[in-house]
Amino acid sequence: MPYPGSPEGDYDAYLKTAPNGAYKGFADCFANGVPSAQAKLLAVGQRPFAVSAGSEPSGTPAWQTIPSWAVVGTADHVIPPAEQLAMATRAGAHITEVNAGHLSLITRPDAVTDVILDAARAAGRS
């Protein structure tokens, strides 16, 4: 969707709720593994994302200078798990794989919490 005051060719992006071609729809793609009622709330509560925000240079990646941790959902339908593993390996991250979709922070909060606590302990902040 175009938005008021946007530069020419920029748009607000939303994930469609309904399936469309190869896209399985919000619940089965982005929110797979999330209870149906909660997935519906997440879909209607989306905030816009300017397409241009994904292409702006961000400078030196933080993972090049500080330790990294990654939670990889092995059932992710948004970012293929092999791609997540490749990025995490490149960053030298401490990798935890979980049987979860893209929203492991919702479906596997125990595992995500453990990774956060491990990172905090390693940084000497626990």
Side-chain angles (χ1 to χ4, degrees):
M1 301 282 305
Y3 60 93
S6 67
E8 186 174 334
D10 200 10
Y11 302 93
D12 274 345
Y14 299 85
L15 295 174
K16 293 180 179 182
T17 56
N20 183 0
Y23 175 62
K24 298 178 180 185
F26 187 93
D28 288 334
C29 182
F30 188 76
N32 65 307
V34 174
S36 179
Q38 190 173 16
K40 288 177 185 174
L41 287 173
L42 291 168
V44 299
Q46 290 182 76
R47 303 300 297 167
F49 171 79
V51 173
S52 62
S55 61
E56 289 291 322
S58 61
T60 304
W63 56 262
Q64 288 185 349
T65 59
I66 61 173
S68 301
W69 280 257
V71 176
V72 175
T74 59
D76 196 325
H77 294 165
V78 178
I79 303 172
E83 182 67 22
Q84 292 180 56
L85 286 168
M87 290 185 289
T89 300
R90 179 178 177 208
H94 303 269
I95 300 169
T96 299
E97 294 183 55
V98 295
N99 182 15
H102 194 68
L103 299 178
S104 58
L105 68 161
I106 292 173
T107 61
R108 292 293 310 278
D110 55 330
V112 174
T113 299
D114 287 347
V115 170
I116 293 167
L117 292 173
D118 287 346
R121 281 190 283 275
R125 297 187 183 136
S126 64

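- In terms of modelled atom types and a separation under 3.5 Å, the side chain of Asp10 and the main chain of Ser52 share a donor-acceptor contact.
- Here Arg108 contributes atom CZ and Thr113 contributes atom OG1; the two are 11.0 Å apart, rounded to the nearest 0.5 Å.
- Between Cys29 and His77, the shortest heavy-atom contact is SG-O, 3.4 Å.
- The hydrophobic cluster of Phe49 has no other members, since no ILVMFWY side-chain heavy atom comes under 4.5 Å of it.
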Please table the atom pairs, donor to acceptor, closer than 3.5 Å between any side-chain atom in residues 92-105 and protein atoms at least two apart or in another chain.
{"residue": "His102", "atom": "ND1", "partner": "Asp76", "partner atom": "OD1", "Å": "3.3"}
{"residue": "His102", "atom": "ND1", "partner": "Asp76", "partner atom": "OD2", "Å": "2.8"}

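- By the rule that hydrophobic residues join a cluster once side-chain heavy atoms approach within less than 4.5 Å of another member, Leu41 and Tyr14 end up as members of separate clusters.
- Under a hydrophobic-cluster definition in which Ile, Leu, Val, Met, Phe, Trp and Tyr are linked whenever side-chain heavy atoms come within less than 4.5 Å, directly or via other members, Leu42 and Leu15 are assigned to the same cluster.
- Of all heavy-atom pairs spanning Pro81 and Ala75, the tightest one is CG-N, 4.5 Å.
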Would you check, one step at a time, whether the test side chain to side chain contact (heavy atoms under 4.5 Å, CB included) holds for Met87 with Ile79?
CA-CA 11 Å; Met87 290 185 289; Ile79 303 172; 4.1 Å; yes
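- One N or O on the side chain of Tyr23 and one on the backbone of Lys16 form a donor-acceptor pair closer than 3.5 Å.
- Val72 and Ile106 fall into different hydrophobic clusters, defined by Ile, Leu, Val, Met, Phe, Trp and Tyr side-chain heavy atoms under 4.5 Å apart, directly or through other members.
- Residue Val78 comes nearest to Phe30 through the heavy atom pair CG2-CA, 3.6 Å, listed as atom of the first residue, atom of the second, then distance.
- At distances below 3.5 Å, at least one donor-acceptor pair connects side-chain atoms of Gln46 with backbone N or O atoms of Ala43.
- Here the closest heavy-atom approach between residue Lys24 and residue Pro19 is recorded as O-CG, 3.5 Å.
- Val112 is connected to Trp69 through a chain of hydrophobic side-chain contacts under 4.5 Å among Ile, Leu, Val, Met, Phe, Trp and Tyr, so both are in one cluster.
- Residues Ala50 and Tyr3 approach most closely at CB-OH, 4.0 Å, considering heavy atoms.
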